[in-house]
There are 2 protein chains.
Amino acid sequence: MQKKPVADNQALSFDYDFLEKLVVGIGEVSQITGIATRQIRYWEDKGIITSLTEEEGKNRRYDYKNIKKMILIKEMLDEGYTLDAAAEKVKQRFELLEQALGKFAKKKK
Amino acid sequence: MQKKPVADNQALSFDYDFLEKLVVGIGEVSQITGIATRQIRYWEDKGIITSLTEEEGKNRRYDYKNIKKMILIKEMLDEGYTLDAAAEKVKQRFELLEQALGKFAKKKK
DNA sequence: TTTGAATTGTAAATTATTTACAATAATTGT
DNA sequence: ACAATTATTGTAAATAATTTACAATTCAAA
């Protein structure tokens with residue numbers, strides 16, 4: 001029996017492999033989220049989000065999780081939350097999410 | 001009845017909204033896929049993949065589809081395919097995939 | 001109206017990418 | 001073996017994009 005090509009399995013399910021490896025520069029994050037690069041740096045300075053930057057002076061890289069965070073924070077700001085309140089809510093939500101996904105991930109490997 | 005937050009629904013299903021908007025620079029694509037930037041440009045010159053670059057001279061931007069293409073092509077090269085053969089196979093696979101996903105997408109809207 | 005929060009502006013230095021021309025391997029047919 | 005084609009890689013100069021740092025501005029609440 002022949003082994004199915006990898007792509008067929010991934011096509012209609014959540015592409016974990018991809019999102020785990022995903023890294024995006026600040027310009028593209030801005031393009032994706034509609035948040036100005038200046039604002040992204042400000043949020044990072046405040047410690048609300050984090051980048052994967054290895055050394056100081058090098059360009060920032062963001063992972064899927066932090067991009068999702070930014071999108072949520074932006075939505076909450078539009079709804080009237082303060083930045084700190086939005087950041088706190090998003091932080092809590094991600095902690096719950098990671099708890100749930102953590103259990104799931106352990107089953108797989 | 002209160003509306004559920006968006007994130008809850010997206011967490012365990014395929015994040016279409018995100019992947020549709022996703023754009024990534026060549027440096028990050030290289031980091032994600034393990035393919036050298038030089039090689040990515042070469043493949044693009046040959047017409048095997050395409051970038052979203054608006055004007056000549058500006059930096060290349062790649063979408064999810066083309067990044068997936070690169071990953072598949074790389075895998076097929078490792079298996080012994082020639083570049084052209086791999087490109088052709090990948091092209092065919094994506095045509096089928098888009099046919100299937102196209103039908104699905106129409107239902108949603 | 002003062003205070004702090006949130007954002008925005010910008011210049012100079014640095015990092016990353018682009019294009020173009022060229023060189024080098026690897027493979028295939030004769 | 002040899003030439004031709006395929007695939008990849010090297011690099012320099014120009015340009016694009018990002019970084020940091022200092023500063024200004026806007027806005028809401030007290």
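Below, chains carry the letters A, B, ... as their sequence lines are ordered, and counting in each starts from 1. Every value quoted in this text rests on a predicted model; they were computed, and no experiment measured them.
- Distance Arg61(A) CZ to dT18(D) P: 10 Å, rounded to the nearest Å.
- The interatomic distance linking Tyr81(A) (OH) with dA6(C) (P) rounds to 15 Å, in whole Å.
- Between the CD atom of Glu28(A) and the P atom of dA16(D) there is a distance of 16 Å, rounded to whole Å.
- When the C1' atom of dA13(C) is taken as reference, atom NZ of Lys58(A) falls 14 Å away, rounded to whole Å.
- Of all the heavy atoms in Val90(B) and Ile73(B), the pair that sits closest is CG2-CG1, 3.7 Å.
- Remark: C1' of dA7(D) and CG of Asp78(B) are 14 Å apart, rounded to the nearest angstrom.
- For the pair Leu83(A) and Glu56(A), both in contact range of DNA chain C, the more 5′-proximal nearest nucleotide belongs to Leu83(A).
- Heavy-atom minimum distance, Met70(B) versus Trp43(B): O-CZ3, 4.0 Å.
- Contact of the Asn66(B) side chain with the Glu44(B) side chain is not registered, since no non-hydrogen atoms from C-beta on lie closer than 4.5 Å.
- Between Leu77(B) and Lys74(B) there is no side-chain heavy-atom pair separated by less than 4.5 Å.
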Side-chain donor-acceptor pairs of residues 18-32 of chain A under 3.5 Å, sequence neighbours excluded:
{"unit_1": "Glu28(A)", "atom_1": "OE1", "unit_2": "Gly25(A)", "atom_2": "N", "d": "3.2"}
{"unit_1": "Glu28(A)", "atom_1": "OE2", "unit_2": "Arg61(B)", "atom_2": "NE", "d": "3.2"}
{"unit_1": "Glu28(A)", "atom_1": "OE2", "unit_2": "Arg61(B)", "atom_2": "NH2", "d": "3.2"}
{"unit_1": "Ser30(A)", "atom_1": "OG", "unit_2": "Ile35(A)", "atom_2": "O", "d": "2.7"}
{"unit_1": "Gln31(A)", "atom_1": "OE1", "unit_2": "Arg61(B)", "atom_2": "NH1", "d": "2.9"}

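- Comparing Leu77(B) and Gly57(B) by the nucleotide of DNA chain D whose heavy atom lies nearest to each, the residue mapping closer to the 5' end is Leu77(B).
- Checked by atom type, the side-chain pair Glu88(A)/Tyr81(A) shows no donor-acceptor distance below 3.5 Å.
- For the segment residues 32-50 of chain B, the set of residues with a heavy atom within less than 4.0 Å of an atom of DNA chain C comprises Arg38(B), Arg41(B), in numerical order.
- Whole-Å rounding puts the Asp84(B) CG to dT28(C) P distance at 13 Å.
- Nucleotide dT18(D) holds its P atom 7 Å from the CG atom of Asn59(A), rounded to whole Å.
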